[in-house]
Amino acid sequence: MGIVETKSSKETADIINDITPKKYKKHAHEWLIQHGGNICISRKPKCQECVVYELCEYDEKTS
């Protein structure tokens with residue numbers, strides 16, 4: 001998605017935690033995991049179903 005570019009999951013988590021508004025922090029981690037598992041699948045993303053398609057920077061987006 002291009003939200004962050006890091007080399008470790010810890011660094012990714014820290015950045016996402018920093019940029020996530022407080023009111024969404026309770027569920028943001030779960031939502032990102034669900035999105036990755038159900039929509040933004042690594043080998044065959046379902047871009048046509050993605051609610052953040054316009055914000056996504058993935059070079060090989062499908063339409």
Side-chain angles (χ1 to χ4, degrees):
M1 290 178 58
I3 296 172
V4 295
E5 291 184 28
T6 64
K7 294 184 181 196
S8 75
S9 58
K10 167 85 169 94
E11 188 177 3
T12 300
D14 289 344
I15 293 170
I16 290 177
N17 186 50
D18 289 344
I19 64 174
T20 302
K22 187 177 181 176
K23 67 181 182 177
Y24 299 118
K25 286 191 186 214
K26 183 176 180 181
H27 299 290
H29 184 254
E30 177 185 343
W31 293 334
L32 285 169
I33 290 172
Q34 287 179 2
H35 183 76
N38 297 318
I39 303 297
C40 197
I41 303 163
S42 63
R43 288 198 166 74
K44 191 170 182 185
K46 298 176 184 175
C47 298
Q48 69 281 4
E49 297 177 35
C50 183
V51 297
V52 293
Y53 179 86
E54 297 297 325
L55 303 172
C56 180
E57 296 178 8
Y58 179 58
D59 289 335
E60 299 177 35
K61 285 196 283 191
T62 60
S63 52

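One-based numbering along the sequence shown.
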Taking side chain to side chain donor-acceptor pair (under 3.5 Å) as the definition, give me every residue that meets it alongside Glu30, ordered by chain and number, with sequence neighbours left out. Gln34
Output for pair (Asn38 CG, Cys50 SG), nearest 0.5 Å, gives 11.5 Å
All side-chain contact (heavy atoms from CB on, under 4.5 Å) counterparts of Lys23, not counting sequence neighbours: none
Same cluster or not: Ile19 versus Leu32, using hydrophobic residues (I, L, V, M, F, W, Y) connected whenever any side-chain heavy atoms lie under 4.5 Å apart? yes
What is the distance from atom OG of Ser8 to atom CG of Asp14, rounded to the nearest 0.5 Å? 7.5 Å
Taking side-chain contact (heavy atoms from CB on, under 4.5 Å) as the definition, give me every residue that meets it alongside Thr6, ordered by chain and number, with sequence neighbours left out. Val4, Glu11, Thr12, Ile15
Linking I/L/V/M/F/W/Y whenever their side-chain heavy atoms sit closer than 4.5 Å, directly or via other members, would Ile16 and Val51 fall into one cluster? yes
If hydrophobic clusters are built by linking Ile, Leu, Val, Met, Phe, Trp and Tyr wherever their side-chain heavy atoms come under 4.5 Å apart, do Trp31 and Leu55 end up in the same one? no
Who passes side-chain contact (heavy atoms from CB on, under 4.5 Å) against Cys47, sequence neighbours left out? Pro45, Tyr53, Lys61, Thr62
Listed by chain and number, what are the side-chain contact (heavy atoms from CB on, under 4.5 Å) partners of Glu49, not counting sequence neighbours? Ile39, Lys46
Just to verify, what does Lys22 make a side chain to side chain donor-acceptor pair (under 3.5 Å) with, not counting sequence neighbours? none
